[in-house]
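Everything below concerns the one structure shown next.
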Number of protein chains: 2
Amino acid sequence: MNASAEPAYLKIKNELLNRIRQGELRPGDKIDHEEVMAKQFSCARATVHRAIRELAEEGFVERKRRAGTRVASAGTRSTRVTIPLVRQEIEARGASYRFKMLEQIKAVPTGMASAALGLDPKASALFLKSIHFADDTPFQLEERWINLDMVPQAADASFETINPNEWLVQTSPYSEAEHFFSAENADKEQSDLLGLNTGDALFVIERRTHLNGNAITYARLMHPGANYRMAAKNFSFSTKN
Amino acid sequence: MNASAEPAYLKIKNELLNRIRQGELRPGDKIDHEEVMAKQFSCARATVHRAIRELAEEGFVERKRRAGTRVASAGTRSTRVTIPLVRQEIEARGASYRFKMLEQIKAVPTGMASAALGLDPKASALFLKSIHFADDTPFQLEERWINLDMVPQAADASFETINPNEWLVQTSPYSEAEHFFSAENADKEQSDLLGLNTGDALFVIERRTHLNGNAITYARLMHPGANYRMAAKNFSFSTKN
DNA sequence: CAGTGGTCTAGACCACGCT
DNA sequence: GCGTGGTCTAGACCACTGG
């Protein structure tokens, strides 16, 4: 808690954050240039730069070359979420992990999956359905499409001992990932597999990965809503990290 | 797409990312020290530092002083999500925003709210219930507790023209925010207010903010699952930002 | 075209925490 | 203790873009 223990770039960051929060700096206001602030805080421009860059990454300010830095429209908070591997998540709860493949076929994707993969409408891909257990209680139902153009080895892969996600992580690099979170009501099949009642809320994570613009995989990870909660902590200031 | 246009720190980052993804560097492996890598890449240590720092922030590697930098256990992806203000979210959809206060009373919090606020079990707080509309269609049901010890002005505030969240953002700074995402089935009251059927899936965002260890507010933001989807994009490499 | 942010260098000192 | 990462400086050049 020693004041001098706090790095200079955090002091600057917090100082600006306070001014923004207390309304001294309002959305749309321009803040001082890096060079000016460096003089104000008696430090190097690089130090100021880091402070403001982090504020920009966190959505508090918007930067444009030549135009300067402005306070972003209020209230847009961004936070970091971690999407863990099922196995790790289950083992972290002190349960034993087990999974079971339910389906593994080549098929032509339809609807959401088709759109997500962005393949030729007639092209087929690998479809995998599996369920993940925590101590023999269903924890996650996984439906996954894999683009065989990008990952041809998947066609002959066996998912006896390693689950599709972990196999994919080890096999195929990706350049871009998208995640979507949503809530749905379980249909008959989903609820049967997850040991729920039809209509029970599901917490759904969708993941889509690409490599250089080509889809690698699209997955839907469905969890019983009753025992799933995704957490995100965000220290806005006065802390490291 | 010009290769030379890519900053050096990103080249280093992507190079390491590729090695990790292709299994050349496996979880637990130690990677070269900053100084060594600076020589390998013929650049300053600060440049290497930035590359590795970002990898650490994104969860790909773990750093410890003296012990060095190691590849994190595979697959732990972290991504940034933005939690927008309701009003902005609704207006971004091209709809007009309107909200209505349903309840505004001083009461003793119970259950989750009590735990979240961490107040004296007998202490009362301000409870607010409101609903937010997109073009007269219910979009979000909000239940919020405000700690009056920290924000005494809330007791006399009127939420006729400004909604509780926006009022709070303008009024009270905070140092720490936590968010939780989950899926629940709507009960009778919730479904009536949101224009749904009982049992329909809700996408719930819980937000808790603190200032120096003292709770400011705890809010539950409930959305009809059928038309709510929270998105997170994450460019792992080969892109800026 | 000129001002702003974005990146980079070649040093330096310090704090932490393995060994 | 000592090696590692964490931070910082005082410069520099460049890229973008708004005026």
Side-chain angles (χ1 to χ4, degrees), chain A residues 1-17 20 25 28-72 235 237-241, chain B residues 1-17 20 25 28-72 235 237-241:
Chain A
M1 282 297 163
N2 188 346
S4 65
E6 194 181 33
Y9 79 91
L10 275 183
K11 276 188 185 152
I12 297 171
K13 193 178 165 186
N14 294 337
E15 172 65 27
L16 290 173
L17 222 27
I20 291 171
L25 287 171
D29 284 359
K30 193 146 58 170
I31 71 174
D32 289 329
H33 311 151
E34 294 187 352
E35 211 166 336
V36 174
M37 293 195 60
K39 276 176 193 161
Q40 289 171 358
F41 286 96
S42 310
C43 67
R45 184 170 74 102
T47 304
V48 174
H49 178 69
R50 177 163 181 192
I52 304 183
R53 177 163 50 79
E54 292 195 359
L55 287 176
E57 283 166 2
E58 289 158 22
F60 291 100
V61 300
E62 284 171 359
R63 317 198 79 180
K64 272 185 207 161
R65 283 175 152 116
R66 170 81 204 208
T69 303
R70 290 175 178 280
V71 177
F235 296 88
F237 60 124
S238 292
T239 43
K240 308 185 183 183
N241 247 350
Chain B
M1 281 294 165
N2 189 344
S4 67
E6 194 181 33
Y9 80 91
L10 275 183
K11 276 188 186 153
I12 297 171
K13 194 178 164 185
N14 294 337
E15 171 65 25
L16 290 172
L17 221 28
I20 291 171
L25 286 171
D29 284 0
K30 193 146 58 170
I31 73 175
D32 290 330
H33 310 150
E34 294 187 352
E35 210 167 337
V36 174
M37 294 194 60
K39 277 176 192 160
Q40 290 171 359
F41 286 95
S42 308
C43 68
R45 199 193 126 209
T47 305
V48 173
H49 178 69
R50 178 160 180 192
I52 304 183
R53 177 163 50 79
E54 291 195 359
L55 287 176
E57 282 167 2
E58 290 159 21
F60 292 100
V61 300
E62 285 171 358
R63 317 197 77 180
K64 272 184 207 162
R65 284 175 151 112
R66 167 81 208 208
T69 302
R70 291 176 177 277
V71 177
F235 297 90
F237 59 124
S238 292
T239 43
K240 308 184 183 183
N241 248 345

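This structure is a prediction, so every number in the text was calculated from the model and none was measured. Basis for what follows: all heavy atoms, side chains included, without hydrogens, waters or symmetry-related copies.
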First locate atom CZ of B:F41, then atom CG of B:L16, and finally report the distance between them rounded to the nearest 0.5 Å. 5.5 Å

Hey, which sits more toward the 5' end of DNA chain C by its nearest nucleotide, B:K64 or B:T47? B:T47

To the nearest angstrom, how far is B:K11 atom NZ from C:dC8 atom C1'? 13 Å

Give the intermediate values and the outcome of salt bridge (Lys or Arg N to Asp or Glu O under 4.0 Å) for residues A:E35 and A:K39. CA-CA 7 Å; A:E35 211 166 336; A:K39 276 176 193 161; 5.2 Å; no

Atom pair CG (B:L10) and CZ (B:R50), whose distance is rounded to the nearest 0.5 Å: 7.5 Å

Figure out the CZ/P separation between A:R50 and C:dG5, and round it to whole Å. 18 Å

Please list, in numerical order, the residues of residues 33-40 of chain B that have a heavy atom closer than 4.0 Å to any atom of DNA chain C. none

Grab the NE2-C1' distance between A:H49 and C:dG3 for me, whole Å please. 16 Å

Without decimals, in angstroms, what is the distance between A:E54 CD and C:dG5 C1'? 16 Å

Please pick, from D:dG6, D:dC8, C:dG5, the nucleotide with the shortest atom-to-atom distance to any side-chain atom of A:P7. D:dC8

Separation of B:I12 atom CD1 from C:dT9 atom C1', in whole Å? 13 Å

Distance test, side-chain N/O of B:Y9 to OP1/OP2 of C:dC8, below 4.0 Å: no

Heavy-atom side-chain contact between B:E54 and B:Y9 under 4.5 Å: yes

Length of the CD-P vector between A:E62 and D:dT17, whole Å: 14 Å

Gap between atoms CD and C1', on A:E6 and D:dC8 respectively (whole Å): 15 Å

Picking from A:L55, A:V48, A:L17, what satisfies side-chain contact (heavy atoms from CB on, under 4.5 Å) with A:I12? A:V48

Let me know the distance between NZ of B:K30 and P of C:dC18, rounded to the nearest Å. 12 Å

Whichever of A:R66 and A:D32 has the more 5' nearest nucleotide on DNA chain C, that residue is A:R66

Is the shortest distance from a Lys or Arg side-chain nitrogen in B:K11 or B:E6 to a carboxylate oxygen in the other one below 4.0 Å? no

Would you call B:E57-B:R53 a salt bridge at under 4.0 Å N-O? yes

Is there a side-chain contact between A:E15 and A:M37 (heavy atoms, below 4.5 Å)? no

Sub-3.5 Å pairs of nitrogen or oxygen atoms, protein against nucleotides 10-14 of chain D:
residue: D:dA12; atom: N6; partner: A:R45; partner atom: NH2; Å: 3.1

For D:dG5 and B:T69 - does any side-chain N or O of the residue sit under 4.0 Å from the phosphate oxygens OP1/OP2? yes

Main-chain N/O of B:T69 paired to B:R63 side chain as donor or acceptor, under 3.5 Å: no

